[in-house]
There are 2 protein chains.
Amino acid sequence: MPAHFPDMSATAEEEAYRHVQRALRHGRYKPGDRLIPEEIAAEIGMSRMPVREAFRRLASDGLVILRPNRGCVVAGLTVDELFEIFEIRSVLEGLAVRLAMPRIDEEAFEELDRLLVRMERAGQSGSSDWVVRHQEFHGRICALSQRPKLIHQISALHVVIEPYMRIWFDDCDKPHSAREEHAAVIAALRSGDEHLAEKVMQEHILSTAPMLAEFVSPTR
Amino acid sequence: MPAHFPDMSATAEEEAYRHVQRALRHGRYKPGDRLIPEEIAAEIGMSRMPVREAFRRLASDGLVILRPNRGCVVAGLTVDELFEIFEIRSVLEGLAVRLAMPRIDEEAFEELDRLLVRMERAGQSGSSDWVVRHQEFHGRICALSQRPKLIHQISALHVVIEPYMRIWFDDCDKPHSAREEHAAVIAALRSGDEHLAEKVMQEHILSTAPMLAEFVSPTR
DNA sequence: TTGATGATACGTGGATACAAAAATACTTTT
DNA sequence: AAAAGTATTTTTGTATCCACGTATCATCAA
């Protein structure tokens with residue numbers, strides 16, 4: 001292996017973690033599905049042990065539920081839980097944008113504008129990359145806050161809601177409101193008013209939740 | 001084992017998790033200490049396998065750091081990280097108190113008053129239970145919010161800062177400011193003004209950070 | 001037909017075994 | 001005596017194995 005491409009898959013556990021997380025984010029497993037270590041291990045060519053360890057982390061992330069002696073099932077969100085996550089996101093990302101404000105320069109603004117355009121284009125083409133572009137915008141703002149733990153917590157929540165966002169985005173035909181709200185966030189940032197920016201972000205996030213809620217699978 | 005005492009320690013992994021977490025919270029291991037699975041496994045009479053799995057969860061909680069092929073070391077916080085955690089707590093617990101407000105009845109107020117008194121007494125007796133009492137107050141308010149995920153996230157952060165709080169409480173002789181600030185939170189709750197309560201809580205939490213910061217071990 | 005009972009297959013939790021990687025101790029060389 | 005290299009020990013990562021718990025399904029009684 002080339003030296004400049006160092007050790008991509010450090011451990012089997014890490015590979016298992018990524019593999020399953022990716023599948024969950026893309027909605028390849030549905031809530032309630034049972035994940036059998038042996039099967040997954042076979043898929044990626046390893047023994048059950050690293051997979052079990054990956055399950056522990058996924059459970060900590062809230063992506064699966066691990067119950068003693070009865071294995072691992074894909075976690076699903078109730079409407080209440082979905083709303084709760086959006087409440088939490090609203091204050092965390094509100095904080096992020098407030099902290100980001102003093103660190104944003106003109107270059108960063110241009111970057112945000114570019115992301116806005118890319119999201120718009122992805123929306124028109126109807127592709128499911130939508131979600132990715134949407135998250136990129138939120139992620140970029142979080143990153144600007146320069147707070148590692150804050151960024152980490154927020155992105156963990158984004159992973160949990162990603163499958164629901166995909167369903168929503170597939171179904172709904174108005175990426176426009178998201179575009180406008182993101183533009184409003186940028187405008188608030190440009191205004192230089194920290195508390196305004198925080199508030200606009202909070203409202204943007206909270207306004208998304210009710211729309212998403214309709215797509216939470218009722219089978220729970 | 002008696003049937004009415006059902007399976008307290010469901011799995012070995014759970015026991016290992018509790019054991020190590022407890023030790024970390026009490027500061028029995030210091031940041032940078034290396035945790036050797038074999039040793040811990042021996043302490044509690046099991047093989048190193050469940051301990052390894054417990055390590056994964058503890059790493060997710062941010063209590064230890066796991067690096068491929070070089071084991072598990074106790075995580076320590078830099079001053080920046082400590083501040084960051086308090087920023088995050090400020091918005092999360094601010095949210096919690098805001099959501100708790102409409103659910104608080106007279107009985108709950110009396111409970112909070114009792115906790116206030118207990119904290120005061122623990123402070124006078126100089127005992128290290130201080131921390132526990134202090135957390136109980138914050139924990140009670142979070143619980144009143146009735147938001148499982150929010151409660152979970154907040155208590156995870158409390159675990160991370162607990163060892164630092166213990167050092168602080170051992171050293172400083174003014175539990176009084178904490179008492180007054182907690183009283184202010186209760187007063188704000190009684191006033192019925194959600195946003196006031198949120199703000200008072202945020203300020204209480206942020207005012208604690210600088211005092212704590214002095215006790216962060218400089219060896220990092 | 002329905003509900004209890006028991007046999008069977010499957011899966012999980014944990015211990016042990018083994019190979020590979022790090023850390024450590026020990027030479028050897030300068 | 002210091003540095004570099006080598007051998008030895010320790011520890012980690014993964015695979016395999018076994019015992020127990022759980023679920024499934026067939027059998028049988030009411």
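These numbers come from the heavy atoms of this one structure, side chains and all, not from hydrogens, waters or symmetry mates. Labels below follow one simple rule: chain letters A, B, ... track the order of the sequence lines, proteins then strands, and each chain is numbered from 1.
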I would like to know whether A:Glu84 and B:Arg147 meet salt bridge (charged side-chain N to carboxylate O under 4.0 Å, His left out); could you show each step before the answer?
CA-CA 7 Å; A:Glu84 197 186 336; B:Arg147 296 291 197 280; 5.5 Å; no
For nucleotides 22-25 of chain C, give me every protein contact, N/O to N/O, under 3.5 Å, one pair per line with atom names.
none

Salt bridge present between A:Arg57 and A:Glu53 (N-O < 4.0 angstrom)
no
Between A:Arg133 and A:Glu136, does at least one N-O distance fall below 4.0 Å, as a salt bridge requires?
yes
May I ask you to decide if the ring planes of B:Trp130 and B:His134 are parallel, tilted or perpendicular, using 30° and 60° as cut-offs?
parallel
Describe, in one word, how the ring planes of B:His182 and B:His204 are oriented to each other, choosing from parallel (under 30°), tilted (30 to 60°) and perpendicular (over 60°).
perpendicular
Hey, does B:Glu13 reach any base, or is it just sugar-phosphate, or nothing, if we go heavy atoms under 4.0 Å?
sugar-phosphate
Does A:Arg48 make a side-chain donor-acceptor contact with the base of C:dG13, cut-off 3.5 Å?
yes
What is the separation between atom [atom1] on [X] and atom [atom2] on [N], rounded to the nearest whole Å?
X: B:Glu38; N: C:dC18; atom1: CD; atom2: C1'; result: 14 Å
X: B:Arg67; N: C:dA21; atom1: CZ; atom2: P; result: 17 Å
X: B:Met49; N: C:dC18; atom1: CE; atom2: P; result: 14 Å

Picking from C:dA15, C:dG13, D:dT12, the nucleotide nearest the side-chain atoms of B:Thr11 would be C:dG13
Could you work out which one of D:dT12, D:dT14, C:dG14 sits closest to the side chain of A:Arg52?
C:dG14
Go through the structure and list residues passing side chain to side chain contact (heavy atoms under 4.5 Å, CB included) with B:Pro37, not counting sequence neighbours.
B:Arg48, B:Val51, B:Phe55
